[in-house]
Amino acid sequence: MPADTEVPPIVEMQGITIQFPGVLALDNVDFFLRSGEVHALMGENGAGKSTLIKALTGVYAIDSGAITVAGEARTFGSTADAQAAGISTVYQEVNLCANLSVGENVMLGHEPRGATGIDWRRTHDRAADHLSALGMDIDTKSILSSHPIAIQQLVAIARAMVLDAKVLILDEPTSSLDRDEVALLFGVVRDVKSKGVAVLFVSHFLDQVYEIADRITVLRNGKLVGEYPAAELPREQLITKMIGRELENLEAIAGTAQREIDRTAAPVISARGIAKRGFLEPADIDVYAGEVVGLAGLLGSGRTELVRLLYGANRADAGVVEVDGAPAKITSPRHAIDHRIAFSSEDRRGEGIIADLTVAENIVLGIQARRGWLRRVRRTEADAVVAEYIAALGVRPANPQMLAGNLSGGNQQKVLLARWLATAPKLIVLDEPTRGIDVGAKADIQAKVAELSEQGLAVIFISSELEEVLRLAQRVIVLRDRHHVGTLDSSEIDLDGLIDYIAKSEEGSAA
Amino acid sequence: MKAIVNHRLFWPATALVVLVAINAIAQPRFLAITMRDGKLYGALIDILRQSAPLMLVALGMTIVIATRGIDLSVGAIMAVSGAVALTIIDSSGSPDAVATVGIAVIVAVLVAMVLGLWNGFLVSVLGIQPIIATLVLMLAGRGVALLITGGKITTVNSAPLKYLASGYVLILPVAFFIWVAAVAIVSAIERRTALGVLTESVGINPEASRLAGVRSRGIIWGAYIASGILAGAAGILAASDIRAADANAAGLWIELYAILAVVLGGTSLMGGKFSIAGTVIGVLFVTTLESTVVFLGIPPAQKPVFFGAAVIVVVLLQAPRVHEWGRKVGSTFRKQPTDSKTEVEVAA
């Protein structure tokens, strides 16, 4: 049910303009948020969603325009001002204190006090109450970093609840949650909404947007495209409004999964019984030249663990690995690179991009690391490589001197892809390359993967979006609870079949 | 103009120029440079000469800080290196022979290198936090130096040794040429090869660098070795200056002055991007500040207060928040006569 339009908006943002050096990030954008609605803010990366949110949360000062919260004109000089106005945010990247306990994080700044300062017992009790209201039963004294990202995300949401917000902003909260956790979160969001809180929801998962949102505002290139009731905006129209063009790219790669793979030669990589205690149960994998092998399974199923062992990012303690038919011992990323294996981590910021180096330095880093520090990549050579890959992958802005940390997620992913492709690998492992990036960049990356595999590159592709896996991969390896449960031919299975397979294997081992 | 103000060395350089100007106004003879026997003398020349030990130490510190580390042991390494060199010269039959001093210098620097190797091993192989790993040697190093000198202050009379700290090449002090050469060599190694950018990469994000194939262990280890070697060389210069190895006083507190110089030069303690030119300016600032205390006739007891005040001013000058605040204040002044706004922009 869309919220009643007659209700005066709790947040009115009118004529918001924000100028960054060389970029007009927001150009005269209007945005209204009403109490008791879930409002999805949609747009490609770089469309201005994050900038708009940061204007509303006091991170950025606006250059012109007006922000009114609950009928009162506001100027936010800092995030504290916005919080005081009742605006709470849960960001895409969990920003909590990883080295504090769960309870301390939930209650930070709102600890109940006793006669002798903070009353820690009541602090933890209250944190536990807030967490159980979200259906979470975890030890509040455990250290936050000891939990998986999904749990940390839910803790962040619990923290926002503590602040008793009138406006709750969820910026990509679901990008690292599995199905059940998303359902749990949405239950909470509906609960919060029924209490009259205005929820601003940003996600790249269209299914989820249509499941939860009452209203959708679309931005493109820093400008407002329009505001629509979700029920009156079909999905195709939404995508067209977001990217301003049709998605031809995806149609072009539709045949990739059906491509015949020549499996007569030795596989590029072949592992038997690769395992590490407490990390991954023995798994097998073969990837042939020109083949895309997808890994499917829920978060924590062992997808990432398997590729980390193959790459030597973590050391396997059992199993045999062959590269091109010859036995190989890969115990560090250097060994993997020497075998021309490339690995792009799911944690783009933490394990991928070097934020304070430029785009050019990030791209050349792969080649440079291979050569060692003494043989510096010459300027002309570096410029040529950088220009080639920026153009080939469509990195935007196409400015090699920009700090990589300032790029949007999709463009950072392209820079990482460029770093590895520049080293001319035989096998590239892409762990969640499309997570948290916009529809256009997702299509670009999938099209590139299809193109490269056709040229003979072996690819291991991991994604939580099973449609992507089925679209690209000729074979799919299914994992569950750190076990390799099966290998499927994607010509023999459709999306529902794959979901069933993952679910069935779940029941199977539960029995 | 804007490009100059925004350059990251603008504020450090300005601070240095202002400091020199204050000295020149207080004591015009500060700027005086005289030529005697074909050699230049004067307060500024003294500063160039006296900067040498701190310059060497701060160079090494810059590289270590770029890897997200810190080296607290440099002062102790100086003491050990000075003790080794002077003990060799003292026990030799011919302390005035160039060969004797040469061997002493080489052995002392090798010992310093081994100490750097130890620090690097603790940090890069065992994964001990740099501040703790180097604290070990900071505390133990002076004890080692005392063992070498037998608990005495070893003094020697050796012309070649004296030459290092007090001699001249052409018209300028030897020590000046030594630090210029060190700066040139370190700059060349860092910036002419890929070591600099790989060091920055490791400092900014160690895990991402490892997964990208950067040999982070070797790079971090190497930084501590370089710091050890440079501290060893600094220790010989310091000993040469007083022709004595004083295990308790040599290089005392120099680790803190080196960290200060690196930070004043614009390199962040968070690691990553580093500036060797910035460190050079930072060291010259710290050394000039030392002689300012003398030139302004500040009583020794008040020296730390004066030093601290000067440092806080420079640190504030560089703080982005202070810049922002300055712009706000500036713009409210400019806005009063509304039609003069365009003029201001032209002038800017």
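In what follows, every chain begins at residue 1, and chains take the letters A, B, ... in the order their sequences are listed. What's counted below: heavy atoms across the whole structure, side chains too, no hydrogens, waters or symmetry copies.
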*Below 4.5 Å from any heavy atom of chain A, which atoms of B:L211 appear? Answer side chain, backbone, both or neither.*
both
*Do the non-hydrogen side-chain atoms of A:D356 and B:E200 ever get within less than 4.5 Å of each other?*
no
*Looking at CG of B:N205 and CG of A:L365, how far apart are the two atoms once the value is rounded to the nearest 0.5 Å?*
10.0 Å
*In sequence, state the C-alpha distance, the side-chain angles, and the governing distance for A:R376 and B:L195, and then conclude on side chain to side chain contact (heavy atoms under 4.5 Å, CB included).*
CA-CA 8 Å; A:R376 183 181 171 186; B:L195 189 59; over 6 Å; no
_Contacting region of A:L416 [heavy-atom separation from chain B under 4.5 Å]_ = neither
*With a 4.5 Å cut-off on heavy-atom pairs, point out which of A:G350, A:A355, A:G366 contacts chain B the most.*
A:G350
*Counting only heavy atoms closer than 4.5 Å, note whether A:R379 contacts chain B via side chain, backbone, both or neither.*
neither
*Smallest separation among heavy atoms of B:G213 and A:I337, with atom names*: CA-CD1, 3.2 Å
*Donor-acceptor pair, B:R215 side chain versus A:R334 backbone, under 3.5 Å?*
no
_Testing the basics here: between B:A208 and A:G352, what is the closest heavy-atom pair and its distance to 0.1 Å?_
CB-O, 3.4 Å
*Quick one: which of B:T199, B:V197, B:I219 has the most heavy-atom pairs under 4.5 Å with chain A, could you say?*
B:V197
*Is it the side chain or the backbone of A:R370 that comes within 4.5 Å of chain B heavy atoms, both, or neither?*
neither
*Looking at B:I189, B:L198, B:T193, which one has more heavy-atom pairs under 4.5 Å with chain A than the rest?*
B:T193
_Salt bridge present between A:R349 and B:E207 (N-O < 4.0 angstrom)_ = no
